[in-house]
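Taking it in order: structure first as structure tokens, then the write-up.
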Amino acid sequence: MTFTQKLLIHGGAGTIPKELHKDYHRGAIEALKTGWEVMEHTSNSLSAVEASVQAMEDYPLFNAGYGSVMTEKGTIEMDALIVDGSNMRIGGLIGVSHVKNPISASKVILENLPHHLLFGLQAEEYLQTQGVELVPQETLITQRSRDRLTKYLVEKKSYGDYIEPSKDPERRGKYGTVGAVALDSQGRLSAATSTGGVLGKLPGRVGDTPLFGTGTYADDEIAVSATGIGEKIIEYVLAMKIKFYISQTQSAEVATKLALEEMKNKVEGYAGVIVMTKDFGFSAMKSTKDLVYAFKSQDGDTGDFLSEKK
Ligand code: ASP
């Protein structure tokens, strides 16, 4: 049986200032194009999601790779996960600070190790032995990231010790994590997510992105990549809930809507999420104001967040 190839990507949820919509759009479209070229050449969903996410890691506006948000101490700590749902191969990184492209480094872990996740300096030491490019931390920091941290620290001072993110989702502005899900002609589903985490986080904090079944998930039926405040996505176990609702409703769209609604009601959590299935369609949805996304299908179907307002 041959499947219609599809690729769906996101570049974060939250509130995107109007004046930046075009730039986010450009980054998303370029990443979609990059991933789609790989999909056409390889017919491999894992390679396609890696290529799209890597392109977004290199684009300074997204909160992943170059452009990652900073911890409250002004450092970069990135998380990533990539999953081949056809055979449950999983690779991910937690809290790395010198990896130029965490998603490709995660794929090295997926391919070479019996483990799924490596963290921090030990992860970087291992990656170096595999020829993965490590870079000085400063080269991953943009002026925009510095400005955002400064602003955050000023606001934090005037709003108390810690701004509980879910109580005021708009204050954090855009979350900006990147991700991709894809289905290839052989029916293989893959998912990839990469992030700098949340702005002003404590060093050592781990979000939902590298946690299988919460912010990133794939198996032989569905692939999911989420964005939003990680603590809330973990509390609700978002990807698993979407899988559950798909089994109930047989529709990616209906299931995603139900899960986002329930997440809001149960844990006061807001998110954006992309979902690809083998048999029940796909969806790109959010409970935040905006979600940057773009998709392409072999049958000519294509779309993105600026062309179609849902
Ligand atoms: N989910 C990410 C985290 O909590 C943040 C984001 O989506 O931008 O680490």
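This is a predicted model, so every value here is computed, not measured. Ligands are counted one by one from 1 in listed order, and the atoms in each one are counted from 1 as well.
A heavy-atom separation below 4.0 Å is not found between Gly215 and ligand 1.
Only the side chain of Asn63 comes within contact range of ligand 1, with a heavy atom under 4.0 Å; no backbone atom does. By the criterion of a heavy-atom distance under 4.0 Å, the side chain of Arg205, and not its backbone, is placed next to ligand 1.
With Lys107 contributing its side chain and Gly91 its backbone, the two residues share no donor-acceptor pair below 3.5 Å. Side-chain atoms of Thr139 never come within 3.5 Å of backbone atoms of Val135 as a donor-acceptor pair (strictly under, hydrogens ignored).
A centroid separation of less than 6.0 Å is found between the aromatic rings of Tyr24 and Phe62. Aromatic rings of Phe212 and His116 (six-membered ring for Trp) have centroids beyond the 6.0 Å cut-off, not under it.
Backbone and side-chain nitrogen or oxygen atoms of Ile229 are examined, and none is located within less than 3.5 angstrom of a nitrogen or oxygen of ligand 1.
Taking a cut-off of under 4.0 Å to the non-hydrogen atoms of Gly228, the atoms of ligand 1 that pass are 1 (N), 2 (C), 3 (C), 4 (O), 5 (C), 6 (C), 7 (O). For ligand 1, the atoms sitting less than 4.0 Å from at least one non-hydrogen atom of Thr227 are 6 (C), 7 (O), 8 (O), numbered in the order shown with element in parentheses. Counting atoms of ligand 1 from 1 in the listed order, those under 4.0 Å from a heavy atom of Gly176 are 8 (O).
The pair Asp147-Arg144 does not count as a salt bridge, with every side-chain nitrogen at least 4.0 angstrom from each carboxylate oxygen.
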Please step through side-chain contact (heavy atoms from CB on, under 4.5 Å) for the pair Leu118 and Ile109, ending with a clear verdict.
CA-CA 8 Å; Leu118 292 184; Ile109 293 170; 4.0 Å; yes
